[in-house]
2 protein chains.
Amino acid sequence: MPTIFDVAQAAGVGVGTVSRVLNDSPAVSDSTRSRVLAVISALDYRPSSLARGLSLGTSNIIGAVVPTVTHPSSMERLHGVLDELGGSGYDLALYQVEGEEQRSSRIRDIVRPDRCSAGLLVSLRATPDEIFLMVRAKRPVVAIDGYIEGLPGCHIDNVAGGRMATEHLLALGHRVIAFVGDVEDDLGFNPGAARFEGYRAALRGCHVPLRDDLIKTGPSCRERADQLTGHLFDLAEPPTGIVATSDTQAFGVMAAVRSRGMEVPTDVSVVGFDDLELAGHLGLTTVRQPLYESGVLGARMVLQQLDGHRDGLDVVELPLEVVVRETTAPPNNGSALYGA
Amino acid sequence: MPTIFDVAQAAGVGVGTVSRVLNDSPAVSDSTRSRVLAVISALDYRPSSLARGLSLGTSNIIGAVVPTVTHPSSMERLHGVLDELGGSGYDLALYQVEGEEQRSSRIRDIVRPDRCSAGLLVSLRATPDEIFLMVRAKRPVVAIDGYIEGLPGCHIDNVAGGRMATEHLLALGHRVIAFVGDVEDDLGFNPGAARFEGYRAALRGCHVPLRDDLIKTGPSCRERADQLTGHLFDLAEPPTGIVATSDTQAFGVMAAVRSRGMEVPTDVSVVGFDDLELAGHLGLTTVRQPLYESGVLGARMVLQQLDGHRDGLDVVELPLEVVVRETTAPPNNGSALYGA
DNA sequence: TTGAAAGCGTTACCAA
DNA sequence: TTGGTAACGCTTTCAA
C-alpha cells in the first residue's frame with residue numbers, strides 16, 4: 001500500500017502538500033493540486049485511517065450500542081443509521097449489550113476518542129453515572145428511541161401511542177379491551193409501561209372502567225402469549241379487543257386466538273405497536289412508529305455534531321400513526337352496551 | 001486520558017517495559033510487572049487502539065459485509081458473530097451492501113489493514129476479481145453462508161434442504177406439492193435455486209411428475225405472495241402442500257391461504273425454510289438451518305486465523321433439520337392417489 | 001504556496 | 001530484565 005510519502009515523491013512535492021490536497025486546503029495552487037490528484041489516483045492511494053486518526057486524535061468510527069440486535073425494531077433503526085452513514089466516511093461499529101455492566105463498559109468504549117468519534121445509543125436508558133461519563137467526554141452521543149437527559153436524540157410519545165391504539169378500538173365500538181404487555185428488558189428499558197398509561201388514559205376518556213383481569217404482562221414468547229391470551233377468554237366477560245404492546249406480542253396473541261378456534265378480527269380485534277415489515281405481510285393493524293427514520297435522524301444528528309454544527313440539535317419527537325389493516329373490526333356482539 | 005508514557009513515569013520504568021507488561025511478555029520481572037499493573041489500574045489506563053494499530057500495522061476491527069441487514073436471518077447470524085467476538089478485543093464494523101459496486105468497494109475496505117484486521121462475508125457471493133483481491137491481501141476473510149472459492153467458511157447444503165422440506169410433505173402423503181420461491185437478490189445470491197433443485201429431486205425420487213404450474217417465484221412481499229399463492233388454488237388440481245423457499249415467504253403464503261378462507265394445515269400444508277424465531281411463534285413447520293451458530297462459527301474461524309492458527313481451517317457444512325410444527329399434516333382428500 | 005519537521009501513542013529492536 | 005529510540009503514516013505548525 002502506498003503512503004502519503006510515496007505520493008509526495010511521485011508528485012515531486014512534500015507530504016505536507018499532499019496532506020493539504022487530501023484535506024481540501026485552499027492553500028494549494030491549482031496546478032500542484034491536479035498533479036497530486038493525478039498521482040493519487042494513479043497509485044490508488046488511500047490515506048491510512050489509523051495514522052490519520054492518531055494524528056487527529058480520533059477515529060472515524062461511530063459506535064452504536066444496541067440491546068439484542070436481533071430484535072426486528074433495532075434492526076430497522078440500524079438500517080436507517082447505515083443508510084445515512086453511507087457516504088459520510090464514517091464506519092459503524094456495532095456493540096451489543098445484554099446487561100447493565102456491559103452497557104457501562106460499552107458506553108465507556110464509545111466515548112474514547114481512540115475507539116469512536118461519536119456514539120449512538122439505541123433503545124437504551126442510562127444511569128446518571130453513565131450520562132456524566134458521556135457529557136464529560138464531550139463527544140457527540142445521540143439517543144435513538146429513548147430520552148436520555150442531557151443528550152440530543154429522538155424518541156416517540158409512548159403514552160400517546162398506547163392511547164391511539166386503544167382509541168382505535170374504542171372508536172370501533174369495543175368496550176371490553178385487554179392489554180397484553182411486554183416485560184422490561186434486562187436493561188430496564190420498558191416502553192410498554194408508558195403505552196399502558198396511554199391505554200388507561202384512553203379508557204378513562206371513554207368512561208370505561210379499568211379491569212385488572214384484562215391486563216396481562218409477560219415475555220413475548222409463544223407459550224406465554226398463549227397462556228396470557230388464553231386466560232383472557234376464560235373470563236366471564238372476555239375482551240372483544242386486545243391492545244398488544246408490540247407487533248411481536250400481537251403475533252403471539254393472534255396465534256393464541258387462532259389456536260383456540262377463534263378468528264381475528266371476527267371474534268376479537270388485535271392492535272400491535274411498531275409496524276414491523278411483517279405486520280404489513282400479516283395484515284396487522286398497528287401503531288406505526290418511524291423505526292427506519294429514527295435511525296436516519298439519529299445518524300444525521302451525530303454527523304451534524306461531528307461537523308461542528310452544535311446548533312439546532314435537540315430532542316425531537318417522532319410522529320405516530322395508526323395503520324388500520326385487517327385485524328381490527330367492530331365487535332360482533334352487543335358488548336359495546338356493557339361498558340357504556 | 002493517560003498514555004503509556006504517563007504510566008511509565010508513574011511506575012518509574014521505561015515505556016518499553018509498560019508495553020511488555022501490556023502484551024504479556026515473559027521478559028518482565030514479577031515485581032516490575034505488579035508495580036506497572038498497579039499504576040495501570042490506578043490511572044485507569046487503556047492503550048490507544050489507534051496508536052497500537054498504527055504501530056502494529058493493523059486495526060482491531062473485524063469488518064462484516066452483509067446484504068440487507070434487516071433480514072431476520074442476517075441478524076441472527078450477526079448475533080452469533082457478536083456473541084463470539086465478545087471478549088476477544090476485536091470490534092465489529094458493520095458494512096451494508098446493496099449492489100455489486102458497493103460490494104466490491106466494501107471488500108476492498110475490509111482487506112485494508114488500516115481499516116480491518118479481518119473480514120466476514122455474510123450471505124454473499126464474490127466475483128473472481130474480488131476473490132483475487134482478498135487472497136492477495138493475505139488477510140483472514142471467512143464466508144458465512146455461501147461458499148466462496150478459496151475462502152474458509154461455513155454454509156449449508158441447500159439442495160438437501162429443499163429435498164428435506166419436500167420429502168416431509170411427501171412422507172405425509174402429499175403428491176401435489178407446489179414450490180414458492182424467492183427471487184435472486186441484487187447481488188446474485190440465491191439459495192432458493194438450489195432448494196428448488198432439492199424439491200425437484202425429491203419429487204423425482206417419489207416418481208411424482210414435476211408440474212410447471214405448481215412452481216411460482218416472486219419477491220416475498222405480501223401482495224405478491226397473495227397473487228403467487230392465489231393462482232395456485234385456481235388450478236384444476238390445486239396443491240395440498242406448499243414448499244416455501246424461506247420462512248418469510250411461508251408467512252406470506254399462509255396469510256394468502258387464510259385470506260382465501262382456507263385453513264393451514266387442514267386445507268393445505270406449508271413448509272418454510274430457516275426457522276426464524278417467529279416460525280416458532282407461529283407454529284410453522286420448517287427446515288431449520290443454524291443461523292446463530294453460523295455466526296459463532298464464522299467468528300471463531302476468523303479469530304483462529306488472527307491467532308495464527310491457519311490449520312484446521314476449512315469449509316464446513318452446517319446440519320439441517322426439519323422442525324415439524326403445526327402447519328403440516330396429511331392431505332385431507334384422496335389426492336395422494338393422483339400422483340402415485 | 002510550499003517544504004521541513006514535530007508530534008500523535010504505540011511496538012519492537014538494540015544495547016546495556 | 002531493562003531503557004532508549006526508531007518507526008508506523010498522517011496532520012499541522014513554522015519558516016521560507
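Order of the sequence lines fixes the chain letters, A, B, ..., with proteins taken first and strands second; residue numbering starts at 1 for each chain.
- For the contact set between residues 32-42 of chain A and DNA chain D, defined by any heavy atom under 4.0 Å, there are no members.
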What does nucleotides 10-16 of chain C look like as a protein-contact string, B for base, S for sugar-phosphate only, - for none, at under 4.0 angstrom between heavy atoms?
BBBB---

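- The environment of B:D307 atom CG is dense: over 12 non-hydrogen atoms of other residues, nucleotides or ligands sit within 6.0 angstrom.
- Among all heavy-atom pairs drawn from B:L120 and B:G298, the shortest one is CD1-O, 3.9 Å.
- Computed from C1' positions of five pairs at each end, the angle between the two local axes of the helix from C:dT1-D:dA16 to C:dA16-D:dT1 equals 40°, rounded to 10 degrees.
- Other residues, nucleotides and ligands contribute over 12 non-hydrogen atoms within 6.0 Å of the OH atom of A:Y147.
- If you take CE of A:M1 and C1' of D:dC10, they are 12 Å apart, rounded to a whole angstrom.
- Crowding of B:E149 atom CD: a count of heavy atoms from other residues, nucleotides or ligands under 6.0 Å not exceeding 12.
- As rounded to whole Å, 10 Å separates atom P of D:dG9 from atom CG of B:D114.
- A:R115 and B:N60 form no side-chain donor-acceptor contact under 3.5 Å, judged by distance and modelled atom types alone.
- Neither side chain, B:N158 nor B:Q289, offers a donor N or O lying under 3.5 Å from an acceptor on the other.
- For B:R125, the CZ atom is densely surrounded, since the number of other residues' heavy atoms within 6.0 Å is greater than 12.
- Under the 3.5 Å distance criterion, with hydrogens and angles disregarded, a donor-acceptor pair is assigned to the side chains of A:D91 and B:Y95.
- Between A:Q96 and A:R106, the shortest heavy-atom contact is O-NE, 4.4 Å.
- Of all the heavy atoms in A:V28 and A:S25, the pair that sits closest is CG2-O, 3.8 Å.
- Nearest-nucleotide positions on DNA chain C for A:S29 and B:L50 put A:S29 closer to the 5' end.
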